[in-house]
**Student:** 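Shown below is the structure under consideration.
Residue indices begin at 1 and follow the sequence shown.
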Amino acid sequence: MKIWNSRYLDNNQRFAAAVIAGLISAVVLGIAYGVIHSMLSIEASVIYILIGWCIGYVIRTVGKGVHKRFAVLGAVMAFLAIWIGDICSMYTVSLGIPMLLSPGLWPTMILAWLRLYLATGVSSLLSLLFRIAGIYFAYTQSVIL
């Protein structure tokens with residue numbers, strides 16, 4: 001039956017396709033959020049939930065997986081999108097993208113990112129909770145139940 005069905009993909013091939021689609025969507029959504037945030041200078045933390053849902057939807061439709069690894073992939077890709085968006089909005093897009101492409105600067109960027117969002121304040125706490133909610137939405141929406 002596999003010979004006649006040229007569109008047949010096994011579970012590992014679907015997961016590989018979901019990784020590629022999730023990575024592309026995470027990078028595109030992260031850069032788009034960074035551009036919008038740096039241009040408007042308004043932080044709309046609710047968008048993180050939308051980003052998580054979109055990444056989960058892409059992984060679910062491309063991967064069509066029921067295993068936990070698809071859910072974990074969605075959470076990791078949502079975290080990646082949030083991190084890219086925050087770096088692009090903190091350092092503007094013209095500086096953020098080259099900094100993301102140089103791994104030697106990653107520890108400095110991670111430390112600055114953690115200092116910014118783990119500060120003691122109501123707004124930073126709410127912003128962190130919306131980021132966690134976006135990751136949770138990506139986790140739950142990435143698998144077919």
Side-chain angles (χ1 to χ4, degrees), residues 5 7-145:
N5 189 359
R7 297 181 58 130
Y8 177 80
L9 296 176
D10 66 356
N11 197 20
N12 291 331
Q13 291 170 334
R14 284 191 321 234
F15 185 73
V19 168
I20 293 169
L23 186 62
I24 291 170
S25 64
V27 169
V28 167
L29 288 172
I31 290 174
Y33 177 74
V35 167
I36 291 169
H37 183 264
S38 65
M39 287 174 63
L40 298 179
S41 297
I42 297 172
E43 182 170 350
S45 296
V46 178
I47 292 179
Y48 292 120
I49 294 174
L50 180 66
I51 288 173
W53 183 85
C54 289
I55 289 173
Y57 178 78
V58 167
I59 291 174
R60 185 180 67 222
T61 55
V62 172
K64 295 179 178 62
V66 295
H67 299 289
K68 191 164 238 4
R69 64 182 176 167
F70 288 93
V72 171
L73 176 68
V76 168
M77 292 301 161
F79 176 78
L80 181 68
I82 290 169
W83 188 63
I84 289 172
D86 286 342
I87 295 300
C88 286
S89 66
M90 279 176 24
Y91 297 110
T92 68
V93 177
S94 61
L95 291 175
I97 293 174
M99 290 176 76
L100 286 170
L101 296 177
S102 58
L105 295 175
W106 288 358
T108 306
M109 290 188 303
I110 291 172
L111 188 61
W113 186 68
L114 287 174
R115 283 184 185 155
L116 182 65
Y117 292 108
L118 294 180
T120 56
V122 175
S123 64
S124 64
L125 179 64
L126 286 174
S127 182
L128 183 65
L129 288 176
F130 275 108
R131 284 170 173 79
I132 292 170
I135 293 169
Y136 176 74
F137 268 78
Y139 180 83
T140 58
Q141 295 296 316
S142 296
V143 293
I144 297 173
L145 297 177

**Student:** List for me each residue that meets side-chain hydrogen bond (donor to acceptor under 3.5 Å, both in side chains) alongside T61, sequence neighbours excluded, and say none if there are none.
**Tutor:**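 For T61, no residue satisfies side-chain hydrogen bond (donor to acceptor under 3.5 Å, both in side chains) once neighbours in sequence are set aside.
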**Student:** Nearest heavy-atom pair of P107 and P103: which atoms, and what distance?
**Tutor:**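 Looking at all heavy atoms of both residues, the shortest contact is CD-O, 3.8 Å.
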**Student:** So V143 and H67, do their side chains get closer than 4.5 Å, heavy atoms only?
**Tutor:**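 Heavy-atom side-chain distance check fails, nothing below 4.5 Å.
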**Student:** Mind checking side-chain hydrogen bond (donor to acceptor under 3.5 Å, both in side chains) for K68 and listing every partner two or more places apart, or none if nothing turns up?
**Tutor:**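 Expected list: Y139.
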**Student:** Applying side-chain contact (heavy atoms from CB on, under 4.5 Å), name anything that partners I144, two or more places apart in sequence or on another chain.
**Tutor:**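 Partners of I144 by the side-chain contact (heavy atoms from CB on, under 4.5 Å) criterion, ordered by chain and then number, come out as R60, K64, V66.
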**Student:** Applying salt bridge (Lys or Arg N to Asp or Glu O under 4.0 Å) as the test, list every pair that has at least one member in residues 133-145; sequence neighbours left out.
**Tutor:**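 As it turns out, there is no salt bridge (Lys or Arg N to Asp or Glu O under 4.0 Å) pair with a partner in residues 133-145 once direct neighbours are skipped.
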**Student:** Kindly write out the residues that satisfy side-chain contact (heavy atoms from CB on, under 4.5 Å) with A112, not counting sequence neighbours, or none if the list is empty.
**Tutor:**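 Per chain and number, A112 pairs via side-chain contact (heavy atoms from CB on, under 4.5 Å) with M90, Y91.
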**Student:** Not counting sequence neighbours, list each pair that qualifies as a ring pair (Phe, Tyr, Trp, His ring centres under 6.0 Å) and has a residue in residues 15-46.
**Tutor:**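 Qualifying pairs, neighbours excluded: F15-F70, Y33-H37, Y33-Y48.
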**Student:** Residues in side-chain contact (heavy atoms from CB on, under 4.5 Å) with I132, at least two apart?
**Tutor:**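 Listed in chain order: L128.
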**Student:** State which residues pass ring-ring contact (aromatic ring centres under 6.0 Å, His included) with Y136; sequence neighbours excluded, sorted by chain then number.
**Tutor:**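 With sequence neighbours excluded, Y136 shows a ring-ring contact (aromatic ring centres under 6.0 Å, His included) to no residue whatsoever.
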**Student:** Ignoring hydrogens and angles, tell me if any N or O in the side chain of Q141 forms a donor-acceptor pair with the backbone of A138 under 3.5 Å.
**Tutor:**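 No, Q141 side chain to A138 backbone: no donor-acceptor pair under 3.5 Å.
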**Student:** Would you please test M39 and V35 for side-chain contact (heavy atoms from CB on, under 4.5 Å) and show each step?
**Tutor:** CA-CA 6 Å; M39 287 174 63; V35 167; 3.6 Å; yes
**Student:** Suppose we screen for side-chain hydrogen bond (donor to acceptor under 3.5 Å, both in side chains). Which residues come up paired with S127, at least two apart in sequence or across chains?
**Tutor:**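 By the side-chain hydrogen bond (donor to acceptor under 3.5 Å, both in side chains) rule, S127 matches E43, R131.
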**Student:** What donor-acceptor contacts under 3.5 angstrom involve side-chain atoms of residues 71-85, with partners at least two apart or in another chain?
**Tutor:**
none

**Student:** Mind jotting down which residue pairs meet the side-chain hydrogen bond (donor to acceptor under 3.5 Å, both in side chains) criterion with at least one end in residues 72-81? Sequence neighbours excluded, please.
**Tutor:**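 Those involving residues 72-81 do not exist here.
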**Student:** How long is the straight-line distance from OG of S45 back to CG of L129, given to the nearest 0.5 Å?
**Tutor:**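 OG of S45 is found 10.0 Å from CG of L129.
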**Student:** Under a 4.5 Å cut-off applied to non-hydrogen side-chain atoms, are L40 and I36 in contact?
**Tutor:**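 In short, these two side chains touch, coming nearer than 4.5 Å.
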**Student:** My understanding is that only one of V58, I47, I55 makes a side-chain contact (heavy atoms from CB on, under 4.5 Å) with L29; could you say which?
**Tutor:**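 With L29 as partner, V58, I47, I55 yield a single side-chain contact (heavy atoms from CB on, under 4.5 Å), made by I55.
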**Student:** How long is the span from the CD1 atom in I59 to the CD1 atom in I20, to the nearest 0.5 Å?
**Tutor:**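 The CD1 atom of I20 is 12.0 Å from CD1 of I59, to the nearest 0.5 Å.
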